[in-house]
Engineer: 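Quick one: the structure is below, questions incoming.
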Amino acid sequence: MKAKIQSPIQPDWWSKTFAGGVFGLSLSIAIGNLIVLLGQPYVAMDLLVQVGMWSVPWVWMPIMFGSYFFTTGRKALIYLFIANTLAYSCIFVLRG
């Protein structure tokens, strides 16, 4: 039985690589910053800074990997831009 794929994944890997590389990196930095901001009352700052710093590659690589599963590079750029906007707005709200 043939499965119908309504929108196949396009092979435009340049834009997907750019989206995952640039927007994925900035999103992972924002998530690392959120880890530091949310963990301040519970964990010592010396340890928390290291956890936030070393969480960046652990978050960035799955985002980079997942950027190739978007149907087009344009959708990857748009969705990662929206995720960046949400993450950085959370940072600005939490910092006050």
Engineer: List the atom of G24, the atom of I63, and the distance in Å for their closest heavy-atom pair.
Structural biologist: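 Closest heavy-atom pair between G24 and I63: CA-CG2, 3.6 Å.
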
Engineer: Report yes if some heavy atom in the side chain of L77 is under 4.5 Å from a heavy atom in the side chain of K16; otherwise report no.
Structural biologist: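 When only atoms from C-beta onward are counted, K16 and L77 do not touch, as no gap falls below 4.5 Å.
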
Engineer: Could you give the distance from OG (S26) to CD1 (I31), rounded to the nearest 0.5 Å?
Structural biologist: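 Answer for the OG-CD1 pair, S26 versus I31, is 9.5 Å.
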
Engineer: Do you see a donor-acceptor pair shorter than 3.5 Å between the side chains of S67 and Y79?
Structural biologist: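 There is no such pair (donor and acceptor under 3.5 Å, judged by atom type) between the side chains of S67 and Y79.
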
Engineer: Less than 4.5 Å apart, side chain to side chain, heavy atoms only: is that true for I91 and L37?
Structural biologist: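 They are in side-chain contact.
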
Engineer: Does some side-chain heavy atom of W60 sit less than 4.5 Å from a side-chain heavy atom of L27?
Structural biologist: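 No, every pair of side-chain atoms sits at 4.5 Å or beyond.
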
Engineer: Compare every heavy atom of W54 with every heavy atom of W58, then report the nearest pair and how far apart it is.
Structural biologist: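 The pair with the smallest heavy-atom distance is CD1-O, 3.0 Å.
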
Engineer: Starting from I29, can I reach L94 by hopping between I/L/V/M/F/W/Y residues whose side chains sit under 4.5 Å apart?
Structural biologist: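 As far as the 4.5 Å side-chain criterion goes, I29 and L94 are connected within one cluster.
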
Engineer: Given the rule that I, L, V, M, F, W and Y join up when any side-chain heavy atoms are under 4.5 Å apart, are V43 and L38 in one cluster?
Structural biologist: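 They do not share one cluster, since no chain of ILVMFWY contacts under 4.5 Å joins V43 to L38.
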
Engineer: Under a 4.5 Å cut-off applied to non-hydrogen side-chain atoms, are R95 and N33 in contact?
Structural biologist: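 Heavy-atom side-chain distance check passes, below 4.5 Å.
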
Engineer: Report the residues that fulfil side-chain contact (heavy atoms from CB on, under 4.5 Å) with T85, sequence neighbours left out, ordered by chain and then residue number.
Structural biologist: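 By the side-chain contact (heavy atoms from CB on, under 4.5 Å) rule, T85 matches F81.
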
Engineer: Hey, any chance L80 and V22 share a hydrophobic cluster, counting ILVMFWY side chains that come within less than 4.5 Å of each other, even indirectly?
Structural biologist: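 The answer is yes; both residues are in one hydrophobic cluster.
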
Engineer: Could you go through the side-chain contact (heavy atoms from CB on, under 4.5 Å) check for M53 and V36 one step at a time?
Structural biologist: CA-CA 9 Å; M53 179 185 70; V36 172; over 6 Å; no

Engineer: What's the shortest heavy-atom distance between G73 and S15, and which atoms?
Structural biologist: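 Shortest heavy-atom separation between G73 and S15 comes out as CA-OG, 3.1 Å.
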
Engineer: Give the cluster check for V49 versus I35: same hydrophobic cluster or not, with ILVMFWY residues linked at side-chain heavy-atom distances below 4.5 Å.
Structural biologist: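 Same hydrophobic cluster.
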
Engineer: Does some side-chain heavy atom of M64 sit less than 4.5 Å from a side-chain heavy atom of T17?
Structural biologist: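 T17 vs M64: side chains touch.
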
Engineer: Rounded to the nearest 0.5 Å, what separation is found between the CZ atom of F18 and the CH2 atom of W14?
Structural biologist: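 Rounded to the nearest 0.5 Å, the CZ-CH2 separation comes to 12.0 Å.
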
Engineer: Name all residues meeting the side-chain contact (heavy atoms from CB on, under 4.5 Å) criterion together with F92; count only those two or more places apart in sequence or in a different chain, and write none if there are none.
Structural biologist: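 F92 satisfies side-chain contact (heavy atoms from CB on, under 4.5 Å) with Y88 once adjacent residues are dropped.
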
Engineer: Same cluster or not: are F70 and I82 linked, directly or through other Ile, Leu, Val, Met, Phe, Trp or Tyr residues, by side-chain heavy atoms under 4.5 angstrom apart?
Structural biologist: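 Different clusters.
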
Engineer: Would you find a donor on one side and an acceptor on the other, under 3.5 Å apart, between the side chain of N84 and the backbone of F23?
Structural biologist: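 Present.
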
